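Worksheet: one structure, shown below.
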Amino acid sequence: MDEFLDINVRSAGEVAARILILFALNQRLIVEDLAAQEEIDEEDDPDELHFDLGVFLDASGARSWLTPAEASWLERSPGELSETEMEELTDSATSFRPLLSASLPNDAEHVVDLGEANVRSLSQKLALPTDERAAELREIAEILLWRAEVEVELRESAPAARAELIAAINETAAEASKAGLISLTPRGDFDTGGKPLSELDKVELTVHLLEATARLKAMNWLCGFGSTWDDVPLDL
C-alpha cells in the first residue's frame, strides 16, 4: 500500500450504487446513439428505451445516488444532450468496466445481470478488494495513465527532449514490471493487448488515454478519494 495515502475502500452499498449508475450511463449512450440514427428497428425505439432506463433507476434504488450532472444526463429526452455533455457522459461511463472488475469475484462478472439488479442485491455479490489490494490497483492505474500521457508528450516533443522522456519510460517500465504491476512487450514497452503502447496510432492512443483516465478515476474513487463522484481527484 502507498504509505503516504490513507486508503479507505468504500462500502459495498456505495460501490453497488456506483456500478449501477455507470451501467445506466452506458445504456444512456446507447439510447443517444440510436436517437442519432435515421432508421432503427422498432424494438430499439430510443424513447421507449429511455423510459425503461428511468424505470431501472427507480427499481434498482440507484437514482438517489446520482450526482446532479448524472441526473440531468439521464432524465432529459434522447437527442437533447449537447456535444460537451456527451463527452462528459462518455468520460464518466468509461469507468464502468474497471470498477466492475475490481469489485466482483473473478468468476462472477459474467453471471451478474445488472439490468435486473438493485443496490442491495448487488452489494451482497461484491467481493471488494482489501485496502492493500485497492492501493495496488490504484497504483497500476496511475502508472498506466502516466505512460499514456508521456507518450502524447513524447510525440509532440522536440528531438532534444525525447531522450530524457524515453529514459523515464524505460526506467518506470522496468520498475513496474519487476514489482508485478504491469506486463511488458519483448521490447520492454507497456503491453496494450499484445501491442506496445508506442505503436498505437493516434486514434488508438486517444482511446487508450480516455480508458486510462477513467480507470484511475474509478480506482481513486474506490479507495475513498473525493466527496462525490464528480470531484474525484486524479492527482494525489
Side-chain angles (χ1 to χ4, degrees), residues 1-5 7 9 15 19 22 26 29 87 90-112 126-223 225 232-236:
M1 181 189 295
D2 192 321
E3 59 185 288
F4 300 108
L5 294 177
I7 305 294
V9 173
V15 174
I19 288 173
L22 296 177
N26 277 276
L29 288 174
E87 291 176 356
T90 301
D91 289 346
S92 192
T94 306
S95 292
F96 168 67
R97 184 59 56 185
L99 182 60
L100 185 67
S101 297
S103 306
L104 280 176
N106 292 334
D107 60 347
E109 187 173 337
H110 301 294
V111 298
V112 175
L126 299 181
L128 297 179
T130 63
D131 290 351
E132 289 77 11
R133 176 56 178 163
E136 183 178 63
L137 292 172
R138 197 208 70 80
E139 185 176 5
I140 292 171
E142 188 175 48
I143 292 171
L144 292 175
L145 178 57
W146 173 86
R147 176 64 183 92
E149 291 177 333
V150 171
E151 183 65 24
V152 173
E153 183 179 357
L154 181 64
R155 295 183 186 190
E156 297 175 350
S157 65
R162 290 179 59 84
E164 183 176 349
L165 290 173
I166 292 173
I169 291 171
N170 291 338
E171 180 181 359
T172 301
E175 291 177 354
S177 177
K178 184 177 181 180
L181 299 176
I182 63 168
S183 297
L184 300 181
T185 63
R187 293 186 178 182
D189 195 5
F190 285 49
D191 190 351
T192 61
K195 187 175 186 179
L197 191 145
S198 59
E199 294 184 7
L200 297 181
D201 62 30
K202 186 175 181 179
V203 174
E204 291 172 333
L205 180 58
T206 298
V207 172
H208 185 79
L209 184 59
L210 170 64
E211 293 175 345
T213 302
R215 177 183 296 276
L216 181 56
K217 178 174 182 176
M219 294 305 99
N220 280 351
W221 179 87
L222 182 63
C223 288
F225 301 108
V232 175
L234 290 180
D235 298 323
L236 297 174

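Nothing here was measured: the structure is a model prediction, and the numbers come from that model. Only heavy atoms go into these numbers, but all of them, side chains included; no hydrogens, no water, no symmetry mates. Count residues from 1 along the sequence.
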message: Contact between N170 and I166 at the side-chain level, heavy atoms closer than 4.5 Å - yes or no?
response: yes

query: To the nearest 0.5 Å, how far apart are CG in L184 and NZ in K178?
result: 13.5 Å

Test item: V15 and L222 side chains (from C-beta on) under 4.5 Å apart, heavy atoms: yes

message: Go through it in stages, so that I can follow the logic: the residues are L145 and L209, the test is side chain to side chain contact (heavy atoms under 4.5 Å, CB included), and I'd like the CA-CA distance, side-chain angles, deciding distance and then a yes or no.
response: CA-CA 7 Å; L145 178 57; L209 184 59; 3.7 Å; yes

- request: State whether R138 and E142 are salt-bridged, where the test is any N-O pair (Lys NZ or Arg NE/NH1/NH2 against Asp/Glu carboxylate O) under 4.0 Å.
  value: yes

field: Those residues that, when tested against W146, pass ring pair (Phe, Tyr, Trp, His ring centres under 6.0 Å) (two or more places apart)
entry: none

task: Please round to the nearest 0.5 Å and tell me the distance separating atom CD of E151 and atom CG of D189.
output: 7.0 Å

- request: Specify the closest pair of heavy atoms between E204 and L200, including all atoms of both residues, with the distance to one decimal.
  value: OE1-CA, 3.4 Å

message: Using side-chain heavy atoms (C-beta onward) and a distance below 4.5 Å, is D91 in contact with T213?
response: no

Nearest non-hydrogen partners of V9 and A134, listed with the distance: CG2-CB, 3.5 Å

task: Grab the two heavy atoms, one from M219 and one from P98, that are nearest each other, plus how far apart they are.
output: CE-O, 3.6 Å

Pairs where residues 202-223 contributes a residue and the test ring pair (Phe, Tyr, Trp, His ring centres under 6.0 Å) is met, not counting sequence neighbours: W221-W229

- prompt: Looking at I143 and A176, what are the two nearest heavy atoms and their distance?
  reply: CD1-CB, 4.0 Å

Where D201 and V203 come nearest, the two heavy atoms and their spacing: OD1-N, 3.1 Å

- prompt: Would L126 and I19 satisfy side chain to side chain contact (heavy atoms under 4.5 Å, CB included), going step by step from the backbone distance to the final call?
  reply: CA-CA 11 Å; L126 299 181; I19 288 173; 4.1 Å; yes

- prompt: Hey, what do you get for CD1 (I182) to CZ (F190), rounding to the nearest 0.5 Å?
  reply: 3.5 Å

field: Salt-bridge criterion met for E136 and R133 (N-O under 4.0 Å)
entry: yes

- prompt: So R155 and L205, side chain to side chain contact (heavy atoms under 4.5 Å, CB included) or not? Walk me through it.
  reply: CA-CA 11 Å; R155 295 183 186 190; L205 180 58; 3.7 Å; yes

- request: Using a 4.5 Å cut-off on heavy atoms from C-beta on, say whether the side chain of T172 contacts that of V150.
  value: no

Full working for salt bridge (charged side-chain N to carboxylate O under 4.0 Å, His left out) between R215 and E211: CA-CA 6 Å; R215 177 183 296 276; E211 293 175 345; over 6 Å; no

statement: Residues S95 and K217: closest non-hydrogen pair is OG-CB, 4.3 Å

message: Whether the side chain of S101 engages the backbone of R97 through a donor-acceptor N/O pair (distance < 3.5 Å, no angle test) should be reported.
response: yes

